[in-house]
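Below you'll find the structure, written out as structure tokens, and then a few comments.
Naming: A, B, ... by sequence-line order, numbering from 1 per chain.
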There are 2 protein chains.
Amino acid sequence: MSETPESKVIDLKGLQIACQSCGLHELCLPMGIHPDEMDRLDTIIKRRRPLHRNDFLYHSGDTLTSLYAVRSGSIKTYSLTGEGEEQIIGFHLPGELLGLDAIHDGGHHCSARALETTSICEIPFEDLESLAQEIPGLQHQLFRLMSKELQSDEHFMLVLGKKTSEERLSNFLISLSTRFSQRGFSGTEFNLSMSRNDIANYLGLAVETVSRLFTRFQNAGLIQVNRKLIAIKNLEGLNELAGAKCKKVDKSIVLR
Amino acid sequence: MSETPESKVIDLKGLQIACQSCGLHELCLPMGIHPDEMDRLDTIIKRRRPLHRNDFLYHSGDTLTSLYAVRSGSIKTYSLTGEGEEQIIGFHLPGELLGLDAIHDGGHHCSARALETTSICEIPFEDLESLAQEIPGLQHQLFRLMSKELQSDEHFMLVLGKKTSEERLSNFLISLSTRFSQRGFSGTEFNLSMSRNDIANYLGLAVETVSRLFTRFQNAGLIQVNRKLIAIKNLEGLNELAGAKCKKVDKSIVLR
DNA sequence: CGCTGCTTTGAACAACTTCAACTTCTGTGG
DNA sequence: CCACAGAAGTTGAAGTTGTTCAAAGCAGCG
């Protein structure tokens with residue numbers, strides 16, 4: 001707050017970067033709204049001090065006050081089953097919005113936790129809503145973002161409902177690869193900020209299964225694994241695996 | 001269109017019922033907006049001739065022109081896997097909105113098909129969007145509805161990722177029961193408009209598994225099954241089954 | 001009446017999980 | 001800087017849950 005013109009470019013801590021100069025604005029809220037409207041959006045957005053690994057962004061049960069956009073780093077969101085087990089709902093990369101699912105009843109049903117050092121833009125929801133009331137492009141972009149999340153949730157439901165462990169993991173790797181390259185990072189070599197446990201949890205598999213799959217994928221020449229570092233060697237092959245339950249023959253040739 | 005005051009109550013075919021007098025308006029779009037604003041909403045909503053069993057409301061690939069609200073009957077939405085298998089995304093009961101996932105890129109990625117004779121309100125999306133720009137309560141309600149869908153998708157991801165077949169089916173039955181009673185129907189006795197195949201598909205199980213579960217649930221006194229007709233005899237018990245993976249002992253006692 | 005499509009039931013099989021042991025990594029304190 | 005404890009990851013073998021395959025039962029319909 002109390003923004004001066006300079007503070008809209010870079011503040012003293014190097015964090016106060018305006019939406020206009022943020023490399024992520026094509027993925028994030030400002031997309032498709034006019035530069036002068038972007039200024040107005042800028043004035044409601046707060047930049048916070050970065051989160052460290054395992055810090056909470058919000059807890060399940062908190063009332064919704066703000067939406068959050070990841071600027072750098074990554075966040076996992078998860079809810080708890082009746083027995084207190086975590087179920088990871090999603091991993092959030094730079095440019096992605098969190099908290100949309102809390103609008104319905106004004107409270108978070110998931111917890112959000114940093115997987116690594118992560119910086120965040122905080123967007124007070126009431127302010128955002130009134131701004132969206134005045135800026136048609138912003139309302140539209142909010143609808144689009146929520147719709148996109150619905151779409152990807154639906155895709156994921158398909159993965160969980162119909163896909164084998166191999167298909168799930170290849171889907172996951174492809175999704176990361178795509179998202180990283182959209183954000184200007186390498187899509188063929190990246191670090192997994194989440195543990196094997198988190199991956200397994202997210203994909204509805206056992207850790208051991210994921211571990212075995214990584215070695216199998218590596219032996220098949222699809223990827224190169226070095227602890228958290230993943231290099232994708234054969235995206236074609238991964239894509240085939242991700243989609244195709246058909247040619248069982250091919251799969252067994254490739255993977256054993 | 002060309003609505004006269006009378007046509008807002010009941011038209012000649014008995015279909016042209018205004019939102020104000022629709023028993024579903026508490027679940028549907030109009031919720032929380034003022035009566036005079038409701039009139040404006042009314043003028044953009046079109047009532048269509050009912051769909052019959054297996055009729056399509058829209059196909060995957062169609063461009064988004066309208067959102068749809070179910071007035072009576074039921075609709076299933078599904079997408080296709082790479083190999084052309086159906087994956088059912090959801091079942092839609094009266095008062096529920098369809099098509100929100102198409103806003104993102106203006107095209108449907110699912111097909112929507114009537115499970116029985118079904119009447120529908122059609123809401124041209126562009127009109128709705130401009131109206132939401134003028135009526136804050138409507139914008140808010142749209143955000144809320146989309147958020148609610150995100151929330152329930154997340155819950156379903158948890159079901160698919162962590163739950164056994166028993167837990168999945170009991171969750172499903174409870175969800176139907178709850179939704180029916182919210183809509184003023186009986187929550188303890190209802191007809192399944194979808195086939196066993198559809199249920200199995202939706203829950204990520206084989207038909208045979210679902211069939212076996214129905215008989216097991218019946219033998220355990222939880223429900224009474226008569227073809228499509230379901231009577232819930234022990235909601236407590238179902239609830240326990242739906243949540244609890246803990247007490248394996250109890251389960252085996254109840255269900256074998 | 002005899003289809004056809006949906007549902008149910010049984011038995012064999014496969015995929016993934018669980019359990020258990022071992023290895024590798026990480027970070028903390030001496 | 002090393003040693004050590006705990007966490008995270010890998011690997012093998014046994015066990016389960018749910019699938020697949022096959023066949024029979026049932027309702028609806030021309």
Side-chain angles (χ1 to χ4, degrees), chain A residues 52-54 76 83 85-88 115-117 159-170 172 191-219 223-230 241 245-246 248-249 251-252 255-256, chain B residues 53-54 76 83 85-88 115-116 159-170 172 191-219 223-230 241 245-246 248-249 251-252 255-256:
Chain A
H52 298 113
R53 194 170 135 74
N54 289 331
K76 71 170 174 182
E83 303 80 55
E85 311 177 72
E86 244 175 52
Q87 166 70 44
I88 295 180
L115 290 166
E116 59 192 314
T117 303
V159 170
L160 289 179
K162 289 262 169 308
K163 305 281 192 174
T164 65
S165 58
E166 280 175 9
E167 296 169 311
R168 292 184 199 192
L169 188 62
S170 24
F172 176 70
N191 255 288
L192 299 174
S193 55
M194 66 295 287
S195 68
R196 302 291 141 107
N197 225 312
D198 284 346
I199 297 173
N201 181 306
Y202 178 62
L203 296 176
L205 300 169
V207 203
E208 293 92 328
T209 307
V210 170
S211 183
R212 279 183 254 268
L213 285 172
F214 270 121
T215 51
R216 259 161 77 185
F217 281 14
Q218 172 157 263
N219 292 341
I223 58 175
Q224 186 113 17
V225 189
N226 193 325
R227 278 203 71 64
K228 302 261 182 195
L229 189 70
I230 301 288
L241 256 194
K245 197 178 291 190
C246 39
K248 297 201 175 179
V249 202
K251 273 170 45 182
S252 46
L255 289 179
R256 317 274 164 205
Chain B
R53 193 171 138 74
N54 289 331
K76 71 170 175 182
E83 303 81 55
E85 312 176 73
E86 245 176 50
Q87 166 70 43
I88 295 180
L115 290 166
E116 59 193 315
V159 170
L160 289 179
K162 288 262 169 308
K163 305 282 191 172
T164 66
S165 58
E166 280 175 10
E167 296 170 311
R168 292 183 198 191
L169 188 62
S170 25
F172 176 69
N191 254 288
L192 299 173
S193 55
M194 67 294 288
S195 68
R196 302 292 141 105
N197 225 312
D198 284 346
I199 297 173
N201 181 306
Y202 177 62
L203 295 176
L205 299 170
V207 203
E208 293 92 329
T209 306
V210 169
S211 182
R212 279 183 253 269
L213 285 173
F214 269 121
T215 52
R216 259 162 76 185
F217 280 15
Q218 171 157 263
N219 294 340
I223 58 175
Q224 186 112 17
V225 190
N226 192 325
R227 279 197 76 62
K228 301 261 181 194
L229 189 70
I230 301 287
L241 256 193
K245 197 178 292 190
C246 37
K248 297 202 177 181
V249 202
K251 272 171 44 182
S252 46
L255 288 180
R256 316 271 165 210

Next item on the list: Could you encode protein contacts along nucleotides 23-30 of chain D as a string, one character per nucleotide from 5' to 3', using B for base contact, S for sugar-phosphate-only contact and - for no contact, with a heavy-atom cut-off of under 4.0 Å?
Entry: ----S---
Check: Hey, does the side chain of B:Asn54 reach the backbone of B:Leu115 with a donor-acceptor pair shorter than 3.5 angstrom?
Finding: no
Next item on the list: Decide, yes or no, whether a salt bridge links B:Lys162 with B:Glu167 under the criterion of side-chain N to carboxylate O below 4.0 Å.
Entry: no
Next item on the list: Round to a whole Å and report the spacing from CZ of B:Phe214 to P of C:dC6.
Entry: 16 Å
Next item on the list: Return no unless some side-chain N or O of A:Thr209 is found under 4.0 Å from OP1 or OP2 of C:dA15.
Entry: no
Check: Within the structure, does a side-chain N or O atom of A:Thr164 lie under 4.0 Å from either OP1 or OP2 of C:dA15?
Finding: no
Checklist line | Check: A:Leu205 main-chain N/O paired with A:Thr209 side-chain donor or acceptor under 3.5 Å | finding: no
Check: Does a side-chain heavy-atom distance below 4.5 Å link B:Asn201 with B:Glu86?
Finding: yes
Show each protein N/O and nucleotides 19-21 of chain C N/O combination with a separation under 3.5 Å, one pair to a line.
from	atom 1	to	atom 2	distance (Å)
C:dC19	N4	A:Glu208	OE2	3.0

Note to self: Whole angstroms only, please: what is the CG-C1' distance between A:Leu213 and C:dA15?
What the structure shows: 11 Å
Notebook entry, point to check: Can you tell me if B:Ser170 uses its side chain to pair, donor with acceptor, with the backbone of B:Glu166 under 3.5 Å?
Noted result: yes
Notebook entry, point to check: Could you state the CG-P distance from A:Asn226 to D:dT10, rounded to the nearest angstrom?
Noted result: 10 Å
Next item on the list: Nearest whole angstrom, please: distance from the P of D:dG18 to the CZ of B:Arg168.
Entry: 8 Å
Note to self: C:dC6, OP1 or OP2 - any side-chain N/O from B:Ser195 closer than 4.0 Å?
What the structure shows: no
Next item on the list: Name the closest nucleotide to the B:Arg196 side chain, picking from C:dT8, D:dG9, D:dG18.
Entry: C:dT8
Checklist line | Student check: side-chain heavy atoms of A:Phe217 and A:Val225 closer than 4.5 Å | finding: no
Notebook entry, point to check: Nearest-Å distance, CG (B:Asn54) to P (C:dG5)?
Noted result: 13 Å
Next item on the list: Using atom CE of A:Met194 as one end and atom C1' of D:dA8 as the other, report the distance to the nearest whole Å.
Entry: 15 Å
Check: D:dT19, D:dG9, D:dG18: which one has an atom nearest the side-chain heavy atoms of A:Lys228?
Finding: D:dG9
Check: Would you call B:Glu116-B:Lys76 a salt bridge at under 4.0 Å N-O?
Finding: no
Margin query: If I take atom CG in residue B:Asp198 and atom P in nucleotide C:dT7, what distance separates them, rounded to the nearest angstrom?
Written below: 9 Å
Next item on the list: Check the distance between C:dT26's P and A:Glu116's CD and give it to me in whole angstrom.
Entry: 15 Å
Notebook entry, point to check: Is a side-chain N or O of B:Asn197 found less than 3.5 angstrom from the main chain of B:Val207, in a donor-acceptor match?
Noted result: no
Checklist line | A:Ser211 side chain near D:dT11 phosphate (N/O to OP1/OP2, under 4.0 Å) | finding: no
Notebook entry, point to check: Stepwise, does the side chain to side chain contact (heavy atoms under 4.5 Å, CB included) test hold for B:Phe214 with B:Arg196?
Noted result: CA-CA 10 Å; B:Phe214 269 121; B:Arg196 302 292 141 105; 3.7 Å; yes
